[in-house]
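Okay, so here's the structure we're looking at.
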Amino acid sequence: MLSDVRVLVISGSSREGSFNRQLAAVAAGLATQAGAAVTTVDLRSLELPIYDEDLLSSKGAPEGARRLVRLFAEHDALLLATPEYNGFPTPLLINALDWASVMPAADGQPSGSAAFAGTVAGLLSASPGAFGGLRSLLATRQFLQMNLGMLVVPEQFGLVRADQAFDAAAALVDATALAGVARVVDAVLRTARSLKAVAL
């Protein structure tokens with residue numbers, strides 16, 4: 001195996017019982033099985049206020065934003081599962097990335113934009129509906145690629161009828177759905193490993 005990769009796993013929803021948290025956990029398990037070092041991030045635990053430049057000027061950067069930048073700087077790749085809110089990713093996700101994106105370089109830590117740049121990302125979504133939240137992934141892909149400089153792999157997966165997709169142990173019951181998640185995880189790890197090999 002090529003030099004291993006470190007992968008962040010993030011859900012755009014932190015609510016109890018979130019289908020996207022469950023889907024993110026499935027992806028994290030597959031990445032771990034494939035030899036990656038996985039770190040799961042609960043965005044709610046960052047305790048970030050709504051982004052406000054006046055707040056930034058008066059009180060400085062929230063520690064949660066600095067922590068998120070550190071995590072991106074320490075990891076090669078991102079597996080992101082986000083639900084669809086009116087066709088867009090969640091405010092929780094966008095707010096966290098907005099905060100991290102404006103963090104300047106400090107104390108040996110890169111700026112937020114530098115930490116994001118070149119991160120290999122794979123997109124997942126889950127929804128009780130028939131489209132699996134795929135509409136949100138269009139906006140998410142553009143945001144991560146064009147605004148934050150990430151390398152988003154072409155493979156993506158939307159889990160339809162997510163309210164029926166998991167068993168009592170939060171495992172996917174359908175082999176086809178599991179294979180869809182595995183394709184995204186494999187593409188992310190393969191790409192990240194290839195880039196690390198070239199950089200050696």
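Sequence positions, counted from 1, serve as the residue numbers for this chain.
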(request) State, to 0.1 Å, how close P91 and Y85 come at their nearest heavy-atom pair, and which atoms those are. (result) CD-CD2, 3.6 Å
(message) Tell me whether V9 shares a hydrophobic cluster with L80, the cluster being built from Ile, Leu, Val, Met, Phe, Trp, Tyr side chains joined at under 4.5 Å.
(response) no
(request) Start with the C-alpha distance between T82 and L137, add both sets of side-chain angles, then the distance that settles side-chain contact (heavy atoms from CB on, under 4.5 Å), and finish with yes or no. (result) CA-CA 8 Å; T82 183; L137 297 189; 3.9 Å; yes
(request) Taking S18 for its side chain and R15 for its backbone only, find out whether a donor-acceptor pair lies under 3.5 Å. (result) no
(message) As an exercise, state the distance from OH of Y51 to CG of L97, rounded to the nearest 0.5 Å.
(response) 13.0 Å
(message) Using 0.5 Å steps for rounding, measure from the CG atom of L79 to the CD1 atom of I10.
(response) 10.0 Å
(message) Quick check on the hydrophobic clustering: are L46 and L78 connected, directly or via other members, by side-chain heavy-atom contacts under 4.5 Å?
(response) yes
(request) For S125 and G132, indicate whether the former's side chain and the latter's backbone hold a donor-acceptor pair under 3.5 Å. (result) yes
(request) Provide the closest heavy-atom pair for L68 versus A96 in the form atom of the first, atom of the second, distance. (result) CD2-O, 3.6 Å
(request) Is it possible for you to say whether L124 and V160 belong to one hydrophobic cluster, with membership spreading through side-chain heavy-atom contacts below 4.5 Å? (result) no
(message) Just verifying a value: how many Å separate S113 OG and L148 CG, rounded to the nearest 0.5 Å?
(response) 9.0 Å
(message) Rounded to the nearest 0.5 Å, what separates atom CG in D107 from atom CZ in R66?
(response) 7.5 Å
(message) For I94 versus P89, what's the shortest heavy-atom pair and its separation?
(response) CD1-CG, 3.8 Å
(request) Applying side-chain contact (heavy atoms from CB on, under 4.5 Å), run through R67 and S45 and close with a yes or a no. (result) CA-CA 11 Å; R67 180 183 166 214; S45 73; 3.5 Å; yes
(request) Would you check if the side chain of T191 reaches a backbone N or O of V188 as a donor-acceptor pair within less than 3.5 Å? (result) no
(request) Verify, without hydrogens or angle tests, whether E84 (side chain) and R135 (backbone) share a donor-acceptor contact under 3.5 angstrom. (result) yes
(message) Within the structure provided, determine whether L159 and F19 are in side-chain contact (heavy-atom separation under 4.5 Å).
(response) no
(request) Compare all side-chain heavy atoms of T90 with those of L43 and state whether any distance is below 4.5 angstrom. (result) no
(request) Heavy atoms only: give me the nearest P62-P49 pair and the separation to one decimal. (result) CG-CD, 4.0 Å
(message) Membership question, hydrophobic clusters at under 4.5 Å side-chain separation (ILVMFWY): are V152 and L195 in the same one?
(response) no
(request) Measure the CZ-OG distance between F143 and S101 for me, rounded to the nearest 0.5 Å. (result) 6.5 Å
(request) For Q142, look at atom CD and say whether over 12 heavy atoms of other residues, nucleotides or ligands are found less than 6.0 Å away. (result) no
(message) Using side-chain heavy atoms (C-beta onward) and a distance below 4.5 Å, is D4 in contact with R193?
(response) yes
(message) Membership question, hydrophobic clusters at under 4.5 Å side-chain separation (ILVMFWY): are V69 and L55 in the same one?
(response) yes
(request) Find out whether S13 and L92 are in side-chain contact, i.e. whether some heavy atom of one side chain is under 4.5 Å from a heavy atom of the other. (result) no
(request) Supply the atom-to-atom distance Q156 CD to L134 CG, rounded to the nearest 0.5 angstrom. (result) 6.0 Å
(message) Between S14 and D42, do the side chains contain a donor N or O and an acceptor N or O under 3.5 Å apart?
(response) yes
(request) Report yes if the side chains of F166 and Q164 come closer than 4.5 Å at any heavy-atom pair, otherwise no. (result) no
(request) Check the pair R6 / L71 against side-chain contact (heavy atoms from CB on, under 4.5 Å), numbers first and verdict last. (result) CA-CA 10 Å; R6 293 174 56 85; L71 286 168; over 6 Å; no
(message) Is any side-chain heavy atom of L56 closer than 4.5 Å to one of M103?
(response) yes
(request) Measure across V38 and A31 and return the closest heavy-atom pair with its distance rounded to 0.1 Å. (result) CG2-CB, 3.8 Å
(message) Tell me whether F88 at atom CZ has more than 12 heavy atoms from other residues, nucleotides or ligands lying less than 6.0 Å away.
(response) no
(message) Strictly distance-based, threshold 3.5 Å: is any side-chain N or O of R141 a donor or acceptor partner for the main-chain N or O of M146?
(response) no
(request) Work out which heavy atom in A170 is nearest to a heavy atom in V26; give both atom names and the distance. (result) O-CG2, 3.9 Å
(request) Could you list the residues that satisfy ring-ring contact (aromatic ring centres under 6.0 Å, His included) with F116, not counting sequence neighbours? (result) F72
